[in-house]
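Encoded as structure tokens, the structure appears first; notes follow it.
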Amino acid sequence: MDFDDVLAELGSFGKYQVKIFLLISIPCAFLGFGAPATSFILGDHTHRCKIPFYDNDTYAVQSEHHREAINRTIPREPDGTYSSCTILVNGTEQRCSEWVYDQSTFIRTVTSDFNLVCDSVGLRAHLKITYLIGFLVASIISQIGDVFGRRILLLILCTLKVAASFTIPFSVNPAMFGTLRFLEGMSSLAFYQLSFVIAIELVGPRERIFTANLSKVTYCMGEFLLTLVAYFERDWVYLQLWLAIPGALTLLYWVPGLIPESPRWLVSRGRIGEATKIIKKMAKVNKSKKNFDNIIIAQKKDKGICVILREVAQSKILVKRLLIVTANWVVAAFIYYGLTMNVGSLGGNLYENFSLLVLVELLGYTVIYFLNKTGRKSVHLLAIFGCGAASIGSILLILFAENSMYWLHILLALLSRFGISVLFAVLYVYTGELFPTVIRSIVMGTVSIGARIGSMISPYLYDVFDGKMGKMLPLITYAVITIAVGLCSIRLPETNNRKLTATIQDVTISEGQHKEIQKEGPVDTLPLTFNPTA
């Protein structure tokens, strides 16, 4: 029997899997603190130049005398606000080197601590991108899980994340802060990706939706918790410390036996003895009546990762799938971060805007629980074409109603965010099911690299043009790439209720069987009985 048959005997989602799943997915809520926290710890902190020789100068007006000093010293912009970067010295407007900061939204930020304003505003942009660069490197690091195993890499990553998170508040300069944020971003995303792989490899086909996406729901819960903590703690140093504390619980993963190696990965690498020990433990915890002492699991000889990768390159089926899936990830991240950068169009304050976007994202993830009924492919196509349609609608609004019907502008933006959240959630499940166990982590890392590149390029799209064209260019780009990639995605197969393939040869057999089914007509039992390794 193959591993899916073993899982069926053990219980595809018994007490053992529930325990492991909770231990892995709950920390995913704390991972929701990292990237979104950038908006609060590296926020756009309102400021003006400090009045010379006024020791207790503050941004807020203290008295009428203070107001007069401000009016004499700080020039005004055309819109009536005080200049942020210049000061009047003997009637001459000059650049200043000291600032005071508004404390109505933030009390203290990295921006105010290191004065990342005016001539140094570019450095703040670079510090923001360090976390995403960490994401990019994480996409490469997570692939090591296919070579050395899931567990040991997971332990190293959670330790690195805890160390970086607790050290960040003690940064003494921007370089130290950026380096630590890079390490935090790298370890956080790689941890999330490995958690996802472990989760789907421990359960049967019907439970993959639940296990893969509940972690995304907990991630959104973490974002809501972040909003709440950030609302009450406006000092970035203490905010970062509060956000770091829950992550320290993951150090318990080092306790022997608490988080096992993936038995499916062990089988795929020919390490049947180690896999059998874990299977026996699963059987005991799940109270399975079957005796697994003399179990024989269909195994393939471990060819080595270099041979496996060469076989991937020679497989037209897998190369085609990899190109299409990677394009989907690039598009999803490109639009997701593009919409995030345009959050100001929603109006209201920062905390309300952030909560609204997270709510829409959460709704997008919950739709995925219907995938076992609808299938992966149909929802995937509906989500990506829906994003394209929303983008076209926004283009038409800018052309004909740029300064009116604001509610419709907001609605279409939220629909795009909803669609892209659905697309992201489907892709996590769909990608894992389209590729065999021997290269699953490598594929997840590869497509994630594409996603990170898309996320890093997207913000610059808004700075190409000014005026109406500047607003339309991102939307035109979104519409074109979603429709183009959506049309390519039609060629991907449905994977609903199909067993996870273990080897590259299994994928070829599965594809051939799928084509035969399409010729002969649908057979309802195939997804549950097809067993390429039996």
Side-chain angles (χ1 to χ4, degrees), residues 30 32-52 54-63 65-67 69-70 73-74 81-85 87 96-128 130-131 164-178 180-181 184 222-247 340 343-344 346-358:
F30 310 143
F33 296 160
T38 303
S39 300
F40 303 103
I41 65 178
L42 263 171
D44 187 7
H45 207 155
T46 305
H47 60 280
R48 63 164 172 78
C49 292
K50 184 180 182 299
I51 302 174
Y54 203 111
D55 294 335
N56 64 337
D57 187 21
T58 59
Y59 187 90
V61 178
Q62 305 169 17
S63 63
H65 173 71
H66 186 216
R67 187 190 303 277
I70 295 174
T73 312
I74 308 299
T81 59
Y82 290 113
S83 173
S84 300
C85 302
I87 192 171
C96 60
S97 58
E98 292 184 284
W99 298 266
V100 291
Y101 294 86
D102 180 17
Q103 296 190 342
S104 61
T105 301
F106 306 115
I107 294 177
R108 182 184 177 194
T109 61
V110 175
T111 305
S112 62
D113 271 8
F114 300 129
N115 290 320
L116 303 178
V117 294
C118 298
D119 295 336
S120 299
V121 70
L123 180 57
R124 182 164 67 95
H126 295 325
L127 290 179
K128 285 185 176 182
T130 55
Y131 202 90
S165 299
F166 274 102
T167 310
I168 286 174
F170 304 100
S171 299
V172 295
N173 54 51
M176 180 179 177
F177 175 83
L180 291 171
R181 282 284 287 175
E184 184 187 29
E223 291 182 304
F224 276 123
L225 181 59
L226 165 64
T227 309
L228 184 64
V229 176
Y231 181 81
F232 288 103
E233 181 54 75
R234 307 294 181 96
D235 186 320
W236 83 271
V237 171
Y238 295 106
L239 173 61
Q240 177 66 33
L241 287 173
W242 280 114
L243 299 180
I245 290 173
T340 301
V343 64
L346 295 178
N349 65 47
L350 174 64
Y351 303 95
E352 292 173 349
N353 289 347
F354 190 82
S355 298
L356 184 58
L357 287 177
V358 174

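Here the structure is a predicted model, which is why all the values come from computation and not from measurement. Sequential numbering from 1 along the given sequence is applied to the chain's residues.
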*With respect to the side-chain SG atoms, do Cys96 and Cys49 come within less than 2.5 Å?*
yes
*Residues two or more places apart in sequence or in another chain: which of them pass salt bridge (charged side-chain N to carboxylate O under 4.0 Å, His left out) with Asp102?*
none
*Taking atom OG1 of Thr109 and atom CG of Asp44, what is their separation to the nearest 0.5 Å?*
9.0 Å
_Within a 6.0 Å radius of atom OH on Tyr231, are there more than 12 heavy atoms belonging to other residues, nucleotides or ligands?_
no
*Take Thr81 and Arg48 through the side-chain hydrogen bond (donor to acceptor under 3.5 Å, both in side chains) test and state the conclusion after the steps.*
CA-CA 10 Å; Thr81 59; Arg48 63 164 172 78; over 6 Å; no
Sequence neighbours excluded and cut-off under 3.5 Å, please list the side-chain donor-acceptor pairs for residues 115-123, or say none.
{"unit_1": "Asn115", "atom_1": "OD1", "unit_2": "Tyr101", "atom_2": "OH", "d": "2.7"}
{"unit_1": "Asp119", "atom_1": "OD1", "unit_2": "Arg95", "atom_2": "NH2", "d": "2.6"}

*Before giving the answer on side-chain contact (heavy atoms from CB on, under 4.5 Å), spell out for Glu98 and Asp57 the whole-Å C-alpha distance, their side-chain angles and the decisive distance to 0.1 Å.*
CA-CA 11 Å; Glu98 292 184 284; Asp57 187 21; over 6 Å; no
*Taking the side chain as every heavy atom from C-beta outward, state whether Leu42 and Thr111 have any pair of such atoms under 4.5 Å apart.*
yes
*List the steps, then state whether side-chain contact (heavy atoms from CB on, under 4.5 Å) holds for Arg124 with His45.*
CA-CA 11 Å; Arg124 182 164 67 95; His45 207 155; over 6 Å; no
*Side-chain contact test, heavy atoms from C-beta onward, threshold under 4.5 Å: evaluate it for Gln62 versus Asn56 and give yes or no.*
yes
*Might you work through the side-chain contact (heavy atoms from CB on, under 4.5 Å) test for Val237 and Arg108, ending with a clear yes or no?*
CA-CA 8 Å; Val237 171; Arg108 182 184 177 194; 3.6 Å; yes
Kindly list each side-chain donor-acceptor pair under 3.5 angstrom involving residues 166-175, sequence neighbours excluded, with atom names and distances?
{"unit_1": "Thr167", "atom_1": "OG1", "unit_2": "Ala163", "atom_2": "O", "d": "2.6"}
{"unit_1": "Ser171", "atom_1": "OG", "unit_2": "Ile168", "atom_2": "O", "d": "2.7"}
{"unit_1": "Asn173", "atom_1": "OD1", "unit_2": "Ala175", "atom_2": "N", "d": "3.2"}
{"unit_1": "Asn173", "atom_1": "OD1", "unit_2": "Met176", "atom_2": "N", "d": "2.7"}

*Over all atoms of both residues, closest heavy-atom pair of His47 and Cys85*: NE2-SG, 4.3 Å
*Are Gln103 and Tyr59 close enough that some pair of their side-chain heavy atoms sits under 4.5 Å apart?*
no
*Which heavy atom in Phe106 sits nearest to a heavy atom in Ser39, and how many Å separate them?*
CZ-O, 3.7 Å
_Rounded distance [0.5 Å steps], CD in Glu223 versus CG in Leu225_ = 11.0 Å
*ring-ring contact (aromatic ring centres under 6.0 Å, His included) assessment of Phe232 paired with Trp242*: CA-CA 11 Å; Phe232 288 103; Trp242 280 114; over 10 Å; no
*In this structure, which one of Thr73, Val100, Thr58, Ile87 forms a side-chain contact (heavy atoms from CB on, under 4.5 Å) with Ile51?*
Thr73
*Determine whether Thr46 and Thr105 make a side-chain contact, defined as any pair of heavy atoms from C-beta on separated by less than 4.5 Å.*
no
*Should Phe40 and Phe354 be marked as a ring-ring contact (aromatic ring centres under 6.0 Å, His included) after you check the CA-CA gap, both sets of side-chain angles, and the distance that decides it?*
CA-CA 11 Å; Phe40 303 103; Phe354 190 82; 5.5 Å; yes
*Mind checking whether Gln240 and Val110 have side chains closer than 4.5 Å, heavy atoms only?*
no
*Apply side-chain contact (heavy atoms from CB on, under 4.5 Å) to the pair Glu233 and Leu243, showing each step before the final yes or no.*
CA-CA 11 Å; Glu233 181 54 75; Leu243 299 180; over 6 Å; no
